Structures are given as structure tokens and as C-alpha cells.
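These numbers were taken from a predicted model, which means no experiment stands behind them. Lettering follows sequence order; numbering is per chain, from 1.
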There are 2 protein chains.
Amino acid sequence: MYLCGIIKEMFSQSEENYLKAIYHLEIVSSKGVTTNAIAKKLETKASSVTDMVQKLSEKELIIYKKYQGVTLTVFGKKTAANIVRKHRLWEVFLVEKLNFSWDEVHDVAEQLEHIKSQKLIQELDSFLGFPTHDPHGDPIPDDKGNLKTIEKSLLSTLAKNESGICVGVIDSSSEFLQFLDKKGITLGKQITVLEKEDFDDSVSILINDKKLSISQKIATNLFVKKR
Amino acid sequence: MYLCGIIKEMFSQSEENYLKAIYHLEIVSSKGVTTNAIAKKLETKASSVTDMVQKLSEKELIIYKKYQGVTLTVFGKKTAANIVRKHRLWEVFLVEKLNFSWDEVHDVAEQLEHIKSQKLIQELDSFLGFPTHDPHGDPIPDDKGNLKTIEKSLLSTLAKNESGICVGVIDSSSEFLQFLDKKGITLGKQITVLEKEDFDDSVSILINDKKLSISQKIATNLFVKKR
DNA sequence: AATAATTTTTAGTCTTGACTAAATATTGTT
DNA sequence: AACAATATTTAGTCAAGACTAAAAATTATT
Ligand SMILES: [Mn+2]
Ligand SMILES: [Mn+2]
Ligand SMILES: [Mn+2]
Ligand SMILES: [Mn+2]
């Protein structure tokens with residue numbers, strides 16, 4: 001009894017989750033992505049990763065040599081980017097059309113990203129007005145898998161009296177996002193650095209015409225676009 | 001009092017597909033649903049059905065006694081209705097918002113119906129304006145699992161000179177639906193029976209101000225609301 | 001360079017959900 | 001009632017994808 005015998009290349013939900021994890025890890029690591037890194041990201045065991053990595057390698061989605069970590073092939077990268085594309089488009093849908101807040105979308109998008117339908121994703125993109133970024137400020141890959149990366153800087157890198165527009169987050173856990181909401185920090189807001197404290201790396205900022213003290217942890221998880 | 005009503009139980013995609021199949025079969029059969037009937041509907045083997053049916057019985061979703069067929073429990077029926085609800089709401093979404101035609105929605109809805117999120121389905125319902133029927137004229141269960149069934153009759157049961165509004169189909173395969181499209185037969189259209197042929201049970205109808213000859217097969221797969 | 005610590009892989013097991021083939025129960029027909 | 005046909009269940013396999021424990025390779029430390 002097989003479901004989904006329709007589309008050309010079909011990967012399981014599990015395979016897709018691995019691909020996506022490797023894709024994200026590759027962006028930051030720039031070297032081969034290690035077994036342990038994948039295991040940590042997916043909250044699974046290293047031995048399970050080894051199994052899956054061998055399978056993905058068979059399918060020519062990744063390059064894998066024992067003990068050497070993995071790299072996405074062009075095909076694998078394109079496939080992964082498409083999953084990320086779907087994830088982020090669905091996040092936009094949930095926020096823009098279904099009144100979800102930015103801290104509620106992740107788990108649902110994690111499921112929706114695996115729906116197989118070329119037409120669905122094309123039409124969704126069009127329905128949403130071809131958005132370029134998701135609710136967390138992350139760029140949405142185009143239908144060829146290309147990412148248009150904008151220059152953005154961590155808030156912690158701004159100097160005193162510099163200012164920028166809030167354009168993204170690193171940590172998109174609902175705890176962090178709700179914390180930002182509570183502080184009135186949302187995408188699009190202007191932030192000006194009033195003071196930088198050396199002893200704890202906290203930052204004093206101006207936002208919403210109010211002065212706010214921001215811990216180092218927050219400042220290193222918030223992206224701004226300098227101006 | 002235990003947590004039964006409180007904890008949201010989660011079922012696998014496969015379990016949900018079985019539940020839905022049994023739900024649909026129960027509507028027409030009114031007796032216990034047989035192993036073979038389920039196997040046929042899901043295009044699987046009877047032995048696989050027996051396995052799953054034993055599991056669903058363990059979970060108190062169905063009543064099962066060996067060789068006796070199965071019946072949904074109240075809990076099982078509610079669960080199944082909720083899956084049907086999601087399926088049909090997604091079908092409406094695809095047609096109303098994403099330019100799908102009624103013959104293209106089924107496979108995608110088959111996947112979307114398994115997405116787990118209470119909020120998602122509530123918001124979707126509201127976003128769609130609380131639709132009562134899906135694109136094939138099938139009623140959408142409410143959030144308690146209740147079906148509001150309207151009276152409708154097969155086109156084949158209309159007498160000469162009777163007329164009705166086209167409100168649904170039995171067969172919703174894309175072949176049949178595309179055939180209806182080609183003939184200009186869509187939901188909401190008025191149909192008047194001009195002539196009934198005894199020798200082949202075909203029907204001559206008036207639709208879109210044009211006379212059309214309809215085979216018996218079509219006439220027994222089209223629902224109309226008499227007027 | 002040798003040893004210790006860490007990472008990664010292998011071997012073996014488990015669960016889910018499918019399958020085939022064989023056994024058993026039910027139903028239909030003479 | 002006996003037998004044949006059909007339906008259903010059981011027993012035994014298999015693949016995917018997880019796990020644990022143990023082995024092997026790599027990396028770090030003395
Ligand atoms: Mn996912
Ligand atoms: Mn996001
Ligand atoms: Mn389904
Ligand atoms: Mn439908």
C-alpha cells in the first residue's frame with residue numbers, strides 16, 4: 001500500500017529532515033558537517049545519523065566518506081533548499097493569513113514543509129504575493145533553490161550611537177520570540193545603541209522611543225540592518 | 001475522572017487513513033465494516049487490515065470481534081470525522097484560494113488532512129468563512145464531528161420534467177470530474193430531465209440552456225437537490 | 001610517540017506497517 | 001448435512017528508521 005506514487009523524486013519525511021538539517025549546518029560550518037552536529041540538531045543518536053547518511057549518500061544527495069563528515073551535492077542542496085522554501089512560505093501563510101504569531105508557526109511549518117505538490121507551493125507563493133522573507137526575517141529560497149542573502153549584522157556588533165532596523169533573529173524558539181514581543185522588539189523596528197557596557201556586554205538601546213537594556217544573549221541573537 | 005478527554009491523542013498517518021476509510025464505509029454499509037471492504041478501499045491486503053484493526057481496537061477507536069467486521073466507537077467516529085473535516089476544509093482552501101480545480105485537490109488534501117494543529121484548523125475554517133460543503137458538495141463536519149446532512153437525490157431518480165440543482169458527486173475521481181467539466185456540469189447548475197430512456201437508462205437533460213444526453217453511469221453518480 | 005578522550009561506525013535489536021502463504025472460519029450451494 | 005467457495009486470521013518476513021552497546025578511527029594530551 002504505497003501513498004504518493006506521483007512525483008518524480010520522492011523522499012521520506014525523515015530523509016527530508018536530515019537534508020534540511022545538513023543544509024542549515026553547512027551554512028554556518030563551511031566544512032564537512034559532522035555526524036555529531038547532525039545528531040544534536042535533530043535530537044537523535046549519532047548511530048542513527050550514520051545509518052541515514054549512508055542512505056542519503058546512496059541517493060546522491062550528499063557526499064560522504066567514513067569519518068569525514070558530509071557535504072550536500074548540488075542535487076541535495078537544491079532539494080534541501082526547496083524544503084526550506086516550503087517551510088518559510090508556510091510560516092508566512094500562518095502569520096499573514098491565519099493569525100498565528102511568529103512564535104507559534106514553527107512546529108506546524110515543520111509538518112507542512114513535507115507536503116508534496118508542485119502546484120501547491122507555486123500557488124501558495126503567488127497567493128502570498130511572492131514574499132522574500134519569513135516571519136523571523138529569514139530569506140525564502142526561490143524556486144530554483146537560490147537564496148538572496150541581504151547584509152545584516154548582529155545587534156552586538158553595532159557601535160555606540162549606531163542604529164539599524166531589526167530584520168531577523170538567530171534563535172527562533174518561542175521563548176525567545178515571546179520575550180522579544182514582551183520587550184516590544186519586532187521586525188522592522190528601528191534600534192539605536194545608546195551605550196555599550198564592557199563588563200557584561202549588555203547594550204542600552206533606544207526602541208519605540210524608549211530606553212531599554214538588552215543582555216548580551218539577546219544582542220547576539222538579533223539581526224539588524226545598519227543604516 | 002481520567003485524562004481521557006483532556007489529552008489530545010495522536011495517531012499515525014496510517015491509523016488515520018484506516019479510521020477515515022472505516023468512517024466512509026460505515027456510512028454506506030450500516031452493518032459492521034468488513035476486512036475486505038477496508039482492504040479494497042485502501043488498496044492494501046486483508047492481512048494488513050487485520051493487523052491494523054487489532055491495533056485500533058486496542059486503542060478503543062473501533063469495536064472488533066474476530067470475523068465480525070468492525071464498528072467505530074464514539075471516540076473513533078469523532079476522531080475520524082475530524083480527519084474528514086480537515087480533508088474537506090483543505091479542499092475548499094485549495095479551490096477557493098489557490099486556484100485548484102475540483103479534480104486536482106484530492107491527493108493534496110489526502111496529505112494535508114494529517115497535519116496536527118488545533119489552531120491551524122480553527123483558523124483555516126474561519127479564514128474560509130466557515131464553509132459547509134467541500135468542492136465536491138460533500139458536507140464538512142463541525143468541530144464536534146457532527147455532519148449536517150442535506151437531502152439530495154441521485155439524478156437518476158428524477159422523473160421526466162422534474163428538475164434540481166446539482167449539489168454533489170459520488171465518484172470524485174479526476175476523470176469523472178473532468179468529464180463533468182467538459183460537459184458544463186458543475187455544482188450549483190440547474191438540471192431538468194427532458195426524457196428518460198428505458199432501454200439503457202440514459203437521461204436527456206437540459207443544462208446551461210442546452211440539451212444533453214447523459215449515460216446511466218453519470219446519472220447515478222450525480223446528486224441533485226430537487227425543487 | 002604513546003596514551004587518553006572523543007567521535008564515528010558497526011552489529012544487533014525493536015517497532016511500525018506492509019507483504020505472502022498457510023490455516024481457519026464463515027457463507028453459499030447442492 | 002456435506003462440500004465448495006470465499007473471507008478472515010495467523011505465522012513468518014521484510015524494510016524503514018529508530019535505539020544500545022561495542023568496536024574502530026580520529027583527535028587531543030602528555
Ligand atoms: Mn519537518
Ligand atoms: Mn522561520
Ligand atoms: Mn490521508
Ligand atoms: Mn471532497
So does [X] get a side-chain nitrogen or oxygen closer than 4.0 Å to the phosphate oxygens (OP1/OP2) of [N]?
{"X": "S48(A)", "N": "dA18(D)", "result": "no"}
{"X": "S47(B)", "N": "dA21(C)", "result": "no"}
{"X": "K66(A)", "N": "dT10(C)", "result": "yes"}
{"X": "Y18(B)", "N": "dT16(C)", "result": "no"}
{"X": "N36(B)", "N": "dT6(D)", "result": "no"}
{"X": "K45(B)", "N": "dT8(D)", "result": "no"}
{"X": "Y67(B)", "N": "dT6(D)", "result": "no"}

Atom pair distance, as rounded to whole Å: [atom1] in [X] and [atom2] in [N]:
{"X": "E15(A)", "N": "dA15(D)", "atom1": "CD", "atom2": "P", "result": "15 Å"}
{"X": "Q13(A)", "N": "dA18(D)", "atom1": "CD", "atom2": "C1'", "result": "15 Å"}
{"X": "L56(A)", "N": "dA18(D)", "atom1": "CG", "atom2": "C1'", "result": "15 Å"}
{"X": "Q54(B)", "N": "dA11(D)", "atom1": "CD", "atom2": "P", "result": "10 Å"}

*Closest heavy-atom contact between L177(A) and D171(A)?*
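Minimum heavy-atom contact is CD2-O, 4.3 Å.
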*Going by atom types alone, do T34(A) and N36(A) pair a side-chain donor with an acceptor below 3.5 Å?*
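Distance-only check fails for T34(A) and N36(A).
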_What's T35(A) touching, base or sugar-phosphate or nothing? Going by heavy atoms closer than 4.0 Å._
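If one applies the 4.0 Å heavy-atom cut-off, T35(A) turns out to touch the sugar-phosphate alone, with no base involved.
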*Position toward the 5' end of DNA chain D (nearest nucleotide), S14(A) or Y64(B)*: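 The residue mapped nearer the 5' terminus is Y64(B).
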*Which side chain to side chain donor-acceptor pair (under 3.5 Å) pairs, counting each pair once, include a residue from residues 95-105 of chain B, with sequence neighbours left out?*
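Passing the test, one end in residues 95-105 of chain B: S101(B)-D103(B), S101(B)-E104(B), W102(B)-D181(B), D103(B)-Q178(B).
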*Which class fits the ring pair W90(B) and F93(B): parallel under 30°, tilted 30 to 60°, perpendicular over 60°?*
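Aromatic pair W90(B)/F93(B) classed perpendicular.
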